[in-house]
S.K.: 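Have a look at this one before I ask anything.
The first residue of the sequence shown is numbered 1, and numbering continues consecutively from there. What you see below is based on every heavy atom in this structure, not just the backbone, and it leaves out hydrogens, waters and symmetry mates.
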Amino acid sequence: MQPHLFTPGPVSIPHEIRQRGAAPLVSHRSEPFFSLLEEISARLKRLLRAKEPPVLFPGSGTGALEALAANLIAPGDRVISFSCGAFGDRFREIAGRRGAEVIPADIPWGRGATPDDVKDALARSPDPAVVLFTHNETSTGAVTPLGECIAALPHDGPLVLVDAVSSLGALPCFPEEWGIDGLASCSQKGLLTPPGIAVAALSPRGWARAGSRPCPSYYFDLSLHRRFLEKERPQNPYTPPVTLLCSLAEALRFLEDFGFGKWFRLKARTAETFETACKAMGLPLFVEGPAFRSPAVTAVKVPGGKGKEMKHALETLGVEAAAGQGKEPSLLRVAHYSPGGWPELSLIAGSIYGAGKMCGLDLRPDFSEAAWNCWTREGE
Ligand SMILES: *Cc1c(COP(=O)(O)O)cnc(C)c1O
């Protein structure tokens, strides 16, 4: 039996999106491919509300982060790295390996960064060359209010690089409006596509920085990718993942036809209903402040530290969720990227209840009432 995927990537995606990837192959130097890339670029620009076209290349989210570091960080740059979880720590490590002088700004796990955190970090280390943020910290389910945090930086100050791997497509993410100079993402989470495509979106300032010196990476040279995108017909410098790009075009069509704004509201309502079910069952949410809670990924604290046991019990029921990462192994994490509504919520909440029973947890059975009231509250 096909397992029900509730993992934060890859995610369960509509059949038509996967099927598009099975279409007969086209050459990446042919008109059908150029049109495909053109369509993807136009839709991604509308999703990001951006004028600059994002660059797409083979890779996962980590590859996109590495590309940002290779093109926008120079050895010796002072880099303030805000981290509130395992992925913030990863971006920090990537910047460090690029030779940056990394200044850690650790935010307690369970919330996102705030403008006050930014002011504190700047007071301790003024004039950094670069700052790093994670938009949606997938290891804890915490969102950082990027617009507010970036507004707390000096105007024309450090370059702002953002890991938007688990936010793009699932929650509002507007790099040009917020002042992000380099944004990294990929296909297999909010963009509802199989894994394998990395996305990098740069601001005019980011492009100027990237073009001001040779990129140490031959393959991840974003300026070269940009030049190919701006040829008379858009293309990639090297062979792109053609079949995945077919699926990505279909996924973006799906999201745009649904309505990006309406989709973001659906994700928020889905997450809130799931949070309500978990609380009613007796599973506390890891992120205490409602403003920081992610519409894409919810982390709950499993009593007795049984995060891994719960993940395994769910697996035996045919449901895939994620356990905790790094220093928070007792969590269970559930993602809300896939299309769906009440039936999917009932499936995951009911399965968690059953898995809890298998793990000997004392969960309350009457969570459906509270969840249903939350789901139907706004009457959408
Ligand atoms: C998933 C994820 C990554 C890593 O992505 P891969 O595609 O596994 O390389 C990085 N950052 C965040 C926030 C993520 O959720």
S.K.: If we ignore hydrogens and angles and just use 3.5 Å, is the side chain of Asp77 paired with the main-chain N or O of Ala129 as donor and acceptor?
M.R.: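 No, because the side chain of Asp77 does not come within donor-acceptor range (under 3.5 Å) of the backbone of Ala129.
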S.K.: Okay, side chain of Ser187, backbone of Pro194: is any donor-acceptor separation there less than 3.5 Å?
M.R.: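 Yes; at least one donor-acceptor contact below 3.5 Å.
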S.K.: Are the charged groups of Arg18 and Glu250 less than 4.0 angstrom apart, N to O?
M.R.: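 So Arg18 does not pair with Glu250 through a salt bridge.
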S.K.: Closest heavy-atom contact between Phe367 and Ala277?
M.R.: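 Answer, listing the atom of Phe367 first, then Ala277: CB-O, 3.5 Å.
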S.K.: Which heavy atom of Leu245 sits nearest a heavy atom of Leu56, and at what distance?
M.R.: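 For Leu245 and Leu56, the tightest heavy-atom pair comes out as CD2-CD1, 3.9 Å.
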S.K.: Applying side chain to side chain donor-acceptor pair (under 3.5 Å) to Arg333 and Thr138, what does each step give before you reach the verdict?
M.R.: CA-CA 9 Å; Arg333 297 175 301 130; Thr138 321; 5.9 Å; no
S.K.: Any idea which heavy atoms bring His28 and Val242 closest together, and the distance?
M.R.: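 The answer is CB-CG2, 4.3 Å.
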S.K.: For the residue pair Leu332 and Ala321, what are the closest heavy atoms and their distance?
M.R.: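 Taking every non-hydrogen atom into account, CD1-CB, 4.2 Å.
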S.K.: Can you check side chain to side chain donor-acceptor pair (under 3.5 Å) on Asp89 and Ser83, steps first, answer last?
M.R.: CA-CA 6 Å; Asp89 290 355; Ser83 173; 2.6 Å; yes
S.K.: Is Arg253 salt-bridged to Glu39, cutoff N-O under 4.0 Å?
M.R.: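 Yes, Arg253 and Glu39 are salt-bridged.
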S.K.: His225 vs Tyr219 aromatic rings, parallel, tilted or perpendicular, using cut-offs 30° and 60°?
M.R.: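 Taking Tyr219 first and then His225, their aromatic rings stand perpendicular (interplane angle over 60°).
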S.K.: Determine whether a donor-acceptor pair (N or O, by modelled atom type, separation under 3.5 Å) exists between the side chain of Tyr337 and the backbone of Pro10.
M.R.: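 Not a single qualifying donor-acceptor pair exists.
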S.K.: Quick one: does Asp117's side chain have a donor or acceptor within less than 3.5 Å of a partner on Thr114's backbone?
M.R.: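 Confirmed, Asp117 side chain pairs with Thr114 backbone.
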S.K.: With Phe133 as reference, evaluate Phe87, Phe82, Phe91, Trp178 under the ring-ring contact (aromatic ring centres under 6.0 Å, His included) test and give the passing residue.
M.R.: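 The passing option is Phe82.
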S.K.: Decide, yes or no, whether a salt bridge links Glu315 with Lys311 under the criterion of side-chain N to carboxylate O below 4.0 Å.
M.R.: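 Looking at Lys311 together with Glu315, the answer is yes, because their closest N to O distance falls below 4.0 Å.
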S.K.: Under 4.0 Å between a Lys/Arg side-chain N and an Asp/Glu carboxylate O for Arg92 and Asp106?
M.R.: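 Yes.
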S.K.: Might you confirm whether atom CD of Glu256 has over 12 heavy atoms from other residues, nucleotides or ligands at distances under 6.0 Å?
M.R.: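 Counting neighbours around CD of Glu256, more than 12 heavy atoms of other residues, nucleotides or ligands fall under 6.0 Å, so yes.
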S.K.: Return yes if some donor-acceptor pair links the side-chain N/O of Ser247 with the main-chain N/O of Ile17 below 3.5 Å, else return no.
M.R.: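 The answer is yes, because a donor-acceptor pair under 3.5 Å joins these two groups.
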S.K.: List the steps and the verdict of side chain to side chain donor-acceptor pair (under 3.5 Å) for Ser167 and Asn136.
M.R.: CA-CA 6 Å; Ser167 60; Asn136 185 76; over 6 Å; no
S.K.: To the nearest 0.5 Å, what is the distance between CZ on Arg293 and OG1 on Thr298?
M.R.: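 Going from the CZ atom of Arg293 to the OG1 atom of Thr298 covers 9.0 Å.
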S.K.: Check whether Arg233 reaches the backbone of Phe34 with its side chain - one donor and one acceptor, N or O, closer than 3.5 Å.
M.R.: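 No, Arg233 side chain to Phe34 backbone: no donor-acceptor pair under 3.5 Å.
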S.K.: Does Glu16 come within less than 4.0 Å of Arg20, counting only side-chain N to carboxylate O?
M.R.: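 A salt bridge is absent here (no side-chain N lies under 4.0 Å from a carboxylate O).
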S.K.: Hey, what do you get for CD1 (Ile352) to SG (Cys278), rounding to the nearest 0.5 Å?
M.R.: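 Ile352 atom CD1 to Cys278 atom SG measures 5.0 Å (nearest 0.5 Å).
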S.K.: Is there a donor-acceptor contact under 3.5 Å from the side chain of Asn71 to the main chain of Cys215?
M.R.: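 Flag not set: sc Asn71 to bb Cys215 has no pair under 3.5 Å.
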S.K.: Taking Val160's backbone N and O only, do any of them form a donor-acceptor pair with Asp181's side chain (distance below 3.5 Å, no angle check)?
M.R.: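 Checked: pair present.
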S.K.: If the plane angle is over 60° it's perpendicular, under 30° parallel, otherwise tilted; pick one for Trp342 and Trp372.
M.R.: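 Rings of Trp342 and Trp372: perpendicular, as their planes differ by over 60°.
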S.K.: Tell me, please, whether Phe228 has Lys231 positioned over its six-membered ring: NZ or CZ under 6.0 Å from the ring centre and within 45 degrees of its axis?
M.R.: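 The answer is yes; both the distance and angle limits are met.
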S.K.: Look at the side chain of Arg78 and the backbone N and O of Pro126, then say whether any donor-acceptor pair between them is shorter than 3.5 Å.
M.R.: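 Flag set: sc Arg78 to bb Pro126 pair under 3.5 Å.
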S.K.: Could you check Glu31 against Ser35 for side chain to side chain donor-acceptor pair (under 3.5 Å), going step by step and ending with a plain yes or no?
M.R.: CA-CA 6 Å; Glu31 182 51 38; Ser35 317; 3.1 Å; yes
